[in-house]
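What follows is a set of notes on a single structure, which appears directly below.
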Amino acid sequence: MENQARMMLGHIGLSGLSEEDVGDPDNIRKHHSLGQPQQDIGDILQQIMTITDESLDEAQARKHALNCHRMKPALFSVLCEMKEKMALGIRGIQEEDGPDPQILRLDNMLLAEGVAGLEKGGASAAAAAVAVAAGASPSDGSLQHSEYREKLAQIRQMYHAELEKYEQACNEFTDHVMNLLREQSRTRPVSPKEIERMVGIIHRKFNTIQMQLKQSTCEAVMILRSRFLDARRKRRNFSKQAAEILNEYFYSHLANPYPSEEAKEELAKKCSITVSQVANWFGNKRIRYKKNVSKLQEEANMYAMKTAASASSQASQGNSPATPNSGTSTHT
DNA sequence: CAGTATGATTCTGA
DNA sequence: TCAGAATCATACTG
């Protein structure tokens, strides 16, 4: 950081003059009386270039010597003059280009994913959104989404830690550069605009770093999300018992195999699956039955007989069936 | 390992 | 918005 700042500023600073130049006023006279201005400029440039090799203490001593030098006001005015000419070139640079659309996009994405939001609500909301996208009921969410939420929280934590680190580093660096410039303004002309410009440059640099952080965070969330959805996509056959229950209901309501919300909920509870899984099952079953009536007729008969048997046994025990047996008789 | 079964997803039309 | 239809992806079976 220290060196970077010096490198950024050193090339225009006066502190490049060597000890003998600054310490001994005669040297300046000597250089001027040599009648070889090009050689002198070369020397000075050489000295300027070696500034970065010096220790901080040396530089401080040199600066102090320079500040006390009786030629300083004259040098300062010369530098002001030079700067006036140079400033024309600097002014051409555009200052602000408004908020970066890419950063905005990334911010929105992170907000939507619950990474950049205020509290954990964002993360759970995102998890719920994933649950809805995956067609699951909210009731089965807590168990299956806990892992997702945990990972998301990890990403979130890392993101915020890094962001804070970058912000801190940016502020520290800005402070440091501003102090350096303020310090230098005693020996060379440094306008507030220039300081502002330098701060702008630093902020832009840190913004690009921040954008990279946001980009990789987005990537991580996307990977996590797709992995989570892929995991849900992995199919497990329902248990034999669940299939029995669903088939029984289907064939006993063959004339109208569209269970109501309440019926679906009950079936879901009985089969230990979600309501949407019940809906999926009925959707699949209806279409597949229709496509293959002749083949599934056998299955229909089997379930019809089974239902009849259980109904009669229940009747003999004095219990009435819980669900009406509407469709079986038409399909024998 | 190929063919089939099955749960889930996506698209379409009413 | 919902059901049907097509399709995908995986599990199961001979």
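Residue numbers start from 1 in every chain, and the chains themselves are labelled A, B, ... in the order their sequence lines are given, proteins ahead of strands.
Sequence order on DNA chain C of the closest nucleotides to A/Lys264 and A/Lys291 puts A/Lys264 first from the 5' end. Toward the 5' end of DNA chain C, the nearer of the two residues A/Asn284 and A/Pro259, judged by each one's closest nucleotide, is A/Pro259.
A donor-acceptor contact under 3.5 angstrom links the side-chain atoms of A/Arg288 to the base of B/dG7.
When rounded to the nearest whole Å, the span between CZ of A/Phe282 and P of B/dA8 equals 14 Å. Residue A/Trp281 contributes atom CH2, which lies 18 Å from atom P of B/dT9 at whole-angstrom precision. Whole-Å rounding puts the A/Glu261 CD to C/dT1 P distance at 13 Å. A straight line from OH of A/Tyr289 to P of B/dA5 spans 16 Å, rounded to a whole angstrom. In this structure, the CZ atom of A/Arg286 is 12 Å from the C1' atom of C/dA5, given to the nearest Å. Rounded to whole Å, atom P of C/dA11 lies 14 Å from atom CZ of A/Phe238. If you take OH of A/Tyr258 and C1' of C/dT1, they are 15 Å apart, rounded to a whole angstrom. Rounded to whole Å, atom P of B/dG7 lies 8 Å from atom CD1 of A/Ile273.
Note on A/Glu266 versus A/Lys269: no salt bridge recorded, every NZ/NE/NH1/NH2 to OD/OE distance being 4.0 Å or above. Salt-bridge formation is not detected for the pair A/Glu194/A/Arg197: no Lys NZ or Arg NE/NH1/NH2 atom is positioned less than 4.0 Å from an Asp or Glu carboxylate oxygen.
In this model, the phosphate group of B/dT6 is not approached by any side-chain N or O of A/Asn237 to a distance below 4.0 Å at OP1 or OP2. Distances shorter than 4.0 Å separate none of the side-chain N or O atoms of A/Lys285 from OP1 or OP2 on B/dT6.
Ring planes of A/Tyr289 and A/Tyr251: perpendicular class, angle over 60° (limits at 30 and 60°). Under the 30°/60° scheme for interplanar angles, the aromatic rings of A/Phe250 and A/Phe282 are found to be tilted.
The strand DNA chain B forms stems, runs of 3 or more Watson-Crick or G-U wobble pairs with distances below 3.5 Å, at B:1-14 with C:1-14.
With A/Trp281 as the partner, the side chain to side chain contact (heavy atoms under 4.5 Å, CB included) test is satisfied by one option alone out of A/Leu246, A/Ile273, A/Leu267: A/Leu246.
For A/Arg236, the listed nucleotide lying nearest its side chain is C/dA11; candidates were C/dA5, B/dG7, C/dA11. Here the nucleotide nearest the side chain of A/Asn280, chosen from B/dA8, C/dG4, B/dG7, is B/dA8.
Evaluation of the side chain to side chain donor-acceptor pair (under 3.5 Å) rule for A/Arg182 yields A/Asn179 as partners, not counting sequence neighbours.
Heavy atoms of other residues, nucleotides or ligands lying less than 6.0 angstrom from CE of A/Met211 number more than 12.
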